2 protein chains.
Amino acid sequence: MSGDAEITRLKPGRRTDIRRENERAILEAAEKVFAEAGFGGATMQLIADMAGLPKANLHYYFATKEDLYRRVVQQIFEIWLDAASSFDDAPGPVEGIGAYIDAKMDISRTHPHGSKVWASEVMHGAPVIQDYLETTLRDWTEGRIAVIRRWIDEGKMRPVDPRHLLYLLWATTQHYADFGHQIQTLNAGKPLSDRQWAEAKASVKDMVLRGIGAI
Amino acid sequence: MSGDAEITRLKPGRRTDIRRENERAILEAAEKVFAEAGFGGATMQLIADMAGLPKANLHYYFATKEDLYRRVVQQIFEIWLDAASSFDDAPGPVEGIGAYIDAKMDISRTHPHGSKVWASEVMHGAPVIQDYLETTLRDWTEGRIAVIRRWIDEGKMRPVDPRHLLYLLWATTQHYADFGHQIQTLNAGKPLSDRQWAEAKASVKDMVLRGIGAI
DNA sequence: ATTCTTGTTGACCGATTGGTCAGGTTGTGC
DNA sequence: GCACAACCTGACCAATCGGTCAACAAGAAT
């Protein structure tokens with residue numbers, strides 16, 4: 001599907017490093033292959049080639065294709081959860097939601113593959129991370145809704161539905177990763193430049209923060 | 001992946017009807033299977049079972065899996081293009097963009113499968129509809145940007161970047177289809193009710209139209 | 001230096017896949 | 001009712017897949 005060169009593998013080093021380095025290379029390759037081909041379209045052989053390892057070696061580190069896939073999905077989920085810290089320790093929506101948009105837009109640029117894998121997983125009914133949705137994500141969402149409600153009560157933003165605000169934030173920021181190819185095509189076929197990414201972030205923040213009456 | 005019953009097939013009827021009816025049943029089943037399993041994960045056998053036809057019959061109407069897939073993708077694209085008529089013959093952004101949001105939200109509810117297939121296709125680099133992106137979609141986008149620019153010049157909305165506004169519209173409305181499973185999980189596991197869908201549409205319109213200074 | 005654990009790999013296997021095809025059935029125009 | 005074209009389908013095939021395994025190489029502990 002793409003003739004990309006193989007993922008860069010660092011030096012082997014000591015015994016402890018071998019495992020860590022190989023798992024890293026495999027996960028990096030897997031993230032890319034799963035994103036570009038989907039779970040069903042991805043093959044262990046292709047991941048192995050891209051990681052620069054024989055296929056049998058993948059099964060030494062990851063028992064099954066599904067195990068490997070689950071690790072990739074968990075990875076992007078944790079990265080997103082970390083980005084949410086911007087939300088909590090903020091005095092108001094301008095700082096909190098503004099920083100959250102910045103963080104998620106940055107992740108869309110630096111981890112586009114992971115975002116696509118997550119989207120694909122959810123679109124297929126979340127067969128392997130349903131429990132995450134029902135526990136971690138649900139709790140996280142409730143917490144953030146409480147913060148938004150507080151801001152509304154304090155008069156720092158208009159009384160919008162916190163849930164649909166969160167959906168709008170997720171949708172818009174992740175769109176720049178998941179639909180990056182479409183955006184690139186509409187950008188004369190070239191990836192967004194540094195300047196264009198800055199403009200995108202500014203545009204999104206401007207529209208959202210005004211939309212909720214925070215500025 | 002799901003134990004759903006097979007797609008309802010209408011009566012055969014006359015000779016001309018046979019082809020039309022069978023193609024319809026196949027496309028309906030294919031849309032669902034491609035959406036739930038992805039292109040790589042979908043099997044012609046599963047589509048055939050869901051359409052209530054032997055597998056060999058699918059290949060009688062659609063030469064290859066890719067041909068069938070292409071037809072499904074084209075279908076949702078045309079539906080979306082039709083929804084854009086709301087955009088043009090509108091005096092201003094409140095009516096135009098408001099109606100566009102309504103139309104796209106309705107499609108997300110009535111055609112969630114098609115939306116997912118499109119999302120999946122774009123995420124995988126649009127291997128089979130790249131020409132559509134470069135011709136039809138690009139032209140459509142330029143036309144809508146011109147309309148938005150005119151509204152801005154006429155002082156009917158703030159001077160936001162039309163391109164990022166369109167991305168926000170696409171992302172937000174399609175999110176309710178593509179991430180419908182996640183939304184349902186966060187809604188106590190139940191699909192959005194009629195009332196909740198109405199609230200979603202109202203929330204999105206409210207935030208977006210205020211975000212661009214149209215109200 | 002010996003032993004044990006960890007890492008490496010080519011060859012292999014059963015299962016599944018998209019696609020084919022020959023031979024049959026059914027509707028339609030004449 | 002005859003002939004032609006459209007439609008139908010069970011059986012089959014080559015290719016590919018995820019996963020296994022036995023034999024081997026290499027670092028670590030003693």
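Convention: sequence-line order gives letters A, B, ...; per-chain numbering from 1. From a predicted model like this one, the values you see are computed outputs, not experimental measurements.
Rounded to an integer number of Å, the gap from CG of B:Leu46 to P of C:dT16 is 14 Å. The interatomic distance linking B:Ile18 (CD1) with C:dT28 (P) rounds to 7 Å, in whole Å. Between the CG atom of B:Asn57 and the P atom of D:dC7 there is a distance of 10 Å, rounded to whole Å. Atom-to-atom, CG of B:Asp17 to C1' of C:dT26 comes out at 15 Å; the value is rounded to the nearest Å. A:Leu53 places its CG atom 7 Å from the P atom of C:dT8, with the value rounded to the nearest Å. Atom CZ of B:Arg20 is separated from atom P of C:dG27 by 17 Å (rounded to the nearest Å). A straight line from CG of B:Asn22 to P of C:dT25 spans 19 Å, rounded to a whole angstrom.
Neither OP1 nor OP2 of C:dT20 sits under 4.0 Å from any side-chain N or O of B:Tyr60. Within the 4.0 Å cut-off from OP1 or OP2 of D:dA6, not a single side-chain nitrogen or oxygen of B:Arg19 is found.
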## Note on the structure
Heavy-atom contacts, protein to nucleotides 11-18 of chain D, under 4.0 Å, summarised as B (base), S (sugar-phosphate only) or - (none) per nt, yield ------SB
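Here A:Phe62 lies out of heavy-atom contact (under 4.0 Å) with every strand.
Taking the six-membered ring where tryptophan is involved, the planes of B:Trp140 and B:Phe87 are perpendicular, since the angle between them exceeds 60° and thus also 30°.
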Using a 3.5 Å cut-off and no angle test, enumerate the donor-acceptor pairs between side-chain atoms of residues 95-103 of chain B and protein atoms at least two apart in sequence or in another chain.
| from | atom 1 | to | atom 2 | distance (Å) |
| --- | --- | --- | --- | --- |
| B:Glu95 | OE1 | B:Gly92 | N | 3.2 |
| B:Tyr100 | OH | B:Trp170 | NE1 | 3.1 |
| B:Asp102 | OD1 | B:Lys205 | NZ | 3.1 |
| B:Asp102 | OD2 | B:Lys205 | NZ | 2.9 |

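Within the structure, salt bridge (Lys or Arg N to Asp or Glu O under 4.0 Å) pairs that include any residue of residues 120-143 of chain A comprise A:Glu142-A:Arg163 (at least two apart or interchain). Applying the side-chain hydrogen bond (donor to acceptor under 3.5 Å, both in side chains) test to pairs two or more places apart or on separate chains, those with a residue in residues 80-90 of chain A are A:Asp88-A:Arg144.
Listed by chain and residue number, nothing satisfies the salt bridge (charged side-chain N to carboxylate O under 4.0 Å, His left out) test with B:Arg149 (two or more places apart in sequence, or in another chain). Residues passing the side chain to side chain donor-acceptor pair (under 3.5 Å) test with B:Ser115, sequence neighbours excluded: B:Asp178.
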